[in-house]
Visitor: 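This is the structure I have questions about; it appears just below.
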There are 2 protein chains.
Amino acid sequence: MSKCTVIPVLRELVRCYQAFERASAEHIRALGLTPSQFDIVATLGNTEGMTFKELGEKTLITKGTLTGVADRLADRALVERFDCPDDGRATILRLTRKGERLFQEVFAPHMAFLLPAFESLPEAERAALARRLRVLGDALEARRATLGKAA
Amino acid sequence: MSKCTVIPVLRELVRCYQAFERASAEHIRALGLTPSQFDIVATLGNTEGMTFKELGEKTLITKGTLTGVADRLADRALVERFDCPDDGRATILRLTRKGERLFQEVFAPHMAFLLPAFESLPEAERAALARRLRVLGDALEARRATLGKAA
DNA sequence: TATTGTTATACTCTATAACTATA
DNA sequence: TATAGTTATAGAGTATAACAATA
């Protein structure tokens with residue numbers, strides 16, 4: 001019925017995200033990181049580290065792939081593994097000091113670069129946008145959860 | 001200064017997009033298409049076809065990669081190439097009848113599946129969301145355009 | 001000379017399934 | 001038995017640069 005108001009939202013969501021991706025891509029590659037590697041570094045930033053399982057859930061990267069991505073970051077001494085004290089099967093991945101430094105050195109300039117774009121919306125509208133994206137995001141996650149149920 | 005209202009928008013944008021991606025991924029893979037291939041099919045859907053150049057601009061896929069993705073779709077007879085009448089250098093890619101059929105058979109059910117999630121927002125809010133995403137997307141594109149200028 | 005698409009290369013990501021070690 | 005992470009494999013995507021044909 002109201003498909004006519006769904007398509008525009010979807011189109012703008014994709015377009016807006018892609019614009020963000022595009023604007024970020026050059027910054028990321030300048031660091032010598034792939035998008036997946038950046039995803040990991042960004043997710044680990046400002047945390048004490050987390051298990052591969054958690055990391056996989058947050059980044060949409062499956063565990064087999066994650067091992068390889070983590071290996072490449074570890075080769076560059078940006079992340080390190082250590083045993084999870086709570087569960088002998090689990091491994092925790094966290095940024096090394098070098099990784100922390102990269103994260104800090106990169107994020108501030110990156111946000112500063114993006115900031116003017118976000119200022120195209122007045123503050124109140126930004127808040128409203130965030131709220132609605134959250135509602136829609138929750139609904140999309142709930143919708144997906146129905147997939148496993150009845151197939 | 002107002003970084004505190006930027007981060008939430010960014011986080012929700014990413015999360016919402018990823019929720020959409022996740023919800024779509026299983027549908028797409030059920031067709032035996034990769035995300036990039038789906039991207040091409042979706043972009044070509046309801047068009048007369050377009051050049052590789054246009055397709056690359058719309059999908060963020062670089063020309064070298066595009067050749068390979070198009071080849072794999074052509075192997076499955078979902079797309080076909082023909083010479084651009086206006087420019088001897090250009091090649092137009094378009095959906096075959098089989099590709100059109102796939103597009104039609106896939107999009108209606110896919111939208112029908114996603115629809116309930118979008119109905120989590122009343123119609124007026126959906127329209128507002130689309131408008132703000134558009135403003136932000138435009139601003140992000142404009143921001144990116146400044147990159148090439150002063151380096 | 002510049003542009004369109006292809007080719008070649010080298011690497012990364014990806015899904016999947018089998019494997020290990022813990023639980 | 002189930003779960004966390006690794007390994008192995010085969011295919012696909014990716015950036016880049018060199019190339020042919022056309023503008």
Side-chain angles (χ1 to χ4, degrees), chain A residues 18 21-22 24-44 49-76 78-94 147, chain B residues 18 21-22 24-44 49-76 78-94 147:
Chain A
Q18 289 193 340
E21 280 283 278
R22 256 197 247 240
S24 305
E26 301 193 43
H27 272 189
I28 294 171
R29 274 191 301 125
L31 305 170
L33 295 179
T34 66
S36 290
Q37 289 168 6
F38 182 78
D39 207 358
I40 299 299
V41 171
T43 304
L44 291 178
M50 63 189 75
T51 65
F52 277 77
K53 179 178 163 57
E54 286 179 279
L55 208 43
E57 286 163 358
K58 286 184 198 279
T59 61
L60 307 189
I61 301 176
T62 54
K63 62 181 184 177
T65 305
L66 207 43
T67 297
V69 179
D71 286 347
R72 273 161 233 126
L73 288 171
D75 288 345
R76 295 175 56 188
L78 295 172
V79 300
E80 61 193 347
R81 275 174 246 241
F82 63 95
D83 293 341
C84 177
D86 302 332
D87 186 335
R89 299 166 300 181
T91 303
I92 289 178
L93 195 70
R94 75 172 165 207
L147 265 179
Chain B
Q18 288 194 341
E21 279 283 277
R22 255 196 247 241
S24 303
E26 302 193 42
H27 271 190
I28 294 170
R29 275 191 303 126
L31 304 170
L33 295 179
T34 66
S36 291
Q37 289 168 7
F38 183 78
D39 206 358
I40 300 299
V41 171
T43 304
L44 291 178
M50 63 189 75
T51 66
F52 277 76
K53 179 178 163 58
E54 286 178 279
L55 209 42
E57 285 164 358
K58 285 184 198 277
T59 60
L60 308 188
I61 301 176
T62 54
K63 63 181 182 177
T65 305
L66 208 42
T67 297
V69 178
D71 286 347
R72 273 162 232 126
L73 287 171
D75 288 344
R76 295 175 55 189
L78 295 173
V79 301
E80 60 193 347
R81 275 174 245 242
F82 62 95
D83 293 340
C84 177
D86 302 332
D87 186 336
R89 299 167 300 180
T91 303
I92 290 178
L93 194 69
R94 74 171 165 208
L147 266 179

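This one's a predicted model, so the numbers in the text were calculated from it and none came from an experiment. Worth knowing before you read on, the calculation uses all heavy atoms, side chains too, and leaves out hydrogens, waters and symmetry mates. In the text below, chain A, chain B and the rest are named by the order of the sequence lines, each starting its count at 1.
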Visitor: Could you tell me the separation between the CG atom of A/D87 and the C1' atom of C/dA21, rounded to a whole number of Å?
Guide: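 Roughly 11 Å, once rounded to whole Å.
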Visitor: How do B/R89 and A/L66 order along DNA chain D: which one's closest nucleotide is nearer the 5' end?
Guide: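 The residue whose closest nucleotide sits nearer the 5' end is A/L66.
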Visitor: Expressed in angstrom and rounded to an integer, what is the separation of B/L60 atom CG from D/dA15 atom P?
Guide: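 That distance rounds to 9 Å.
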Visitor: With rounding to the nearest 0.5 angstrom, report the OG1 to CG distance, A/T65 to A/L60.
Guide: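 Answer for the OG1-CG pair, A/T65 versus A/L60, is 11.5 Å.
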Visitor: Report which part of the nucleic acid B/G88 touches: base, sugar-phosphate, or nothing (heavy-atom distance under 4.0 Å, all strands).
Guide: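 Sugar-phosphate contact only.
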Visitor: Does a side-chain N or O of B/T34 approach OP1 or OP2 of D/dA12 to a distance below 4.0 Å, or not?
Guide: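 Negative; the distance criterion is not met.
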Visitor: For D/dA4, does either OP1 or OP2 sit under 4.0 Å from a side-chain N or O belonging to A/T91?
Guide: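 No, because none of the side-chain N or O atoms of A/T91 sits under 4.0 Å from OP1 or OP2 of D/dA4.
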Visitor: Grab the CD-P distance between B/E21 and C/dA15 for me, whole Å please.
Guide: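 About 12 Å, once rounded to whole Å.
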Visitor: Nearest whole Å is fine: how far is C/dG5 C1' from B/L93 CG?
Guide: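 Roughly 12 Å, once rounded to whole Å.
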Visitor: Round to a whole Å and report the spacing from CG of A/D75 to C1' of C/dT12.
Guide: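 Those two atoms, CG and C1', are 13 Å apart.
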Visitor: From the list C/dT16, D/dG5, D/dA12, which nucleotide is the closest neighbour of the side chain of A/A90?
Guide: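 Given the options C/dT16, D/dG5, D/dA12, the side chain of A/A90 is closest to D/dG5.
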Visitor: Looking across every strand, which nucleic acid part, if any, lies under 4.0 Å from A/T67 by heavy atom: base, sugar-phosphate, or nothing?
Guide: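 The answer is base, as A/T67 lies within the cut-off (heavy atoms under 4.0 Å) of a base atom.
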Visitor: Identify, between A/P35 and A/D86, the residue whose nearest nucleotide on DNA chain C lies closer to the 5' end.
Guide: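 Nearer the 5' end of the strand: A/P35.
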Visitor: Closest approach to the side chain of B/K63, judged atom by atom: which nucleotide of C/dT6, D/dT6, D/dT14 is it?
Guide: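 Nearest to the side chain of B/K63 among the choices is C/dT6.
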Visitor: Distance from B/R81 atom CZ to B/T91 atom OG1, nearest 0.5 Å?
Guide: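 One gets 7.5 Å once the value is rounded to the nearest 0.5 Å.
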Visitor: Touch check for B/K53, heavy atoms < 4.0 angstrom, all strands: base, sugar-phosphate only, or nothing?
Guide: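 Answer is sugar-phosphate: B/K53 comes under 4.0 Å of backbone atoms only.
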Visitor: Which part of the nucleic acid does B/T65 contact within heavy-atom distance under 4.0 Å: base, sugar-phosphate only, or nothing?
Guide: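 Since a base atom lies under 4.0 Å of B/T65, the category is base.
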Visitor: Rounded to the Å, how far apart are B/L55 CG and C/dG5 P?
Guide: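 In whole Å, C/dG5 P lies 9 Å from B/L55 CG.
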Visitor: Rounded to whole Å, please give me the gap between CZ in A/R29 and C1' in D/dA15.
Guide: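 Atom CZ in A/R29 sits about 7 Å away from atom C1' in D/dA15.
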Visitor: Could you give the CG-to-P distance, from B/L73 to D/dA12, as a whole number of Å?
Guide: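 Taking CG of B/L73 and P of D/dA12, I get 11 Å after rounding.
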Visitor: Is there a side-chain contact between B/R94 and B/E80 (heavy atoms, below 4.5 Å)?
Guide: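 Yes. Closest side-chain heavy atoms under 4.5 Å.
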Visitor: Check each of B/T67, B/T43, B/L66 against B/I61 using the side-chain contact (heavy atoms from CB on, under 4.5 Å) test, and report the only one that passes.
Guide: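 Of B/T67, B/T43, B/L66, side-chain contact (heavy atoms from CB on, under 4.5 Å) with B/I61 is met by B/L66 alone.
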Visitor: Side chain of B/T51, heavy atoms from C-beta onward: which of C/dT6, C/dG5, D/dG5 has the nearest atom to it?
Guide: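 Ranking C/dT6, C/dG5, D/dG5 by closest atom to the B/T51 side chain puts C/dG5 first.
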Visitor: Counting C-beta onward and ignoring hydrogens, is there a side-chain heavy-atom pair between A/L78 and A/I40 closer than 4.5 Å?
Guide: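 Heavy-atom side-chain distance check fails, nothing below 4.5 Å.
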Visitor: Regarding A/S36, tell me which of base, sugar-phosphate or nothing describes its non-hydrogen contacts under 4.0 Å with the strands shown.
Guide: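 Result for A/S36 = sugar-phosphate.
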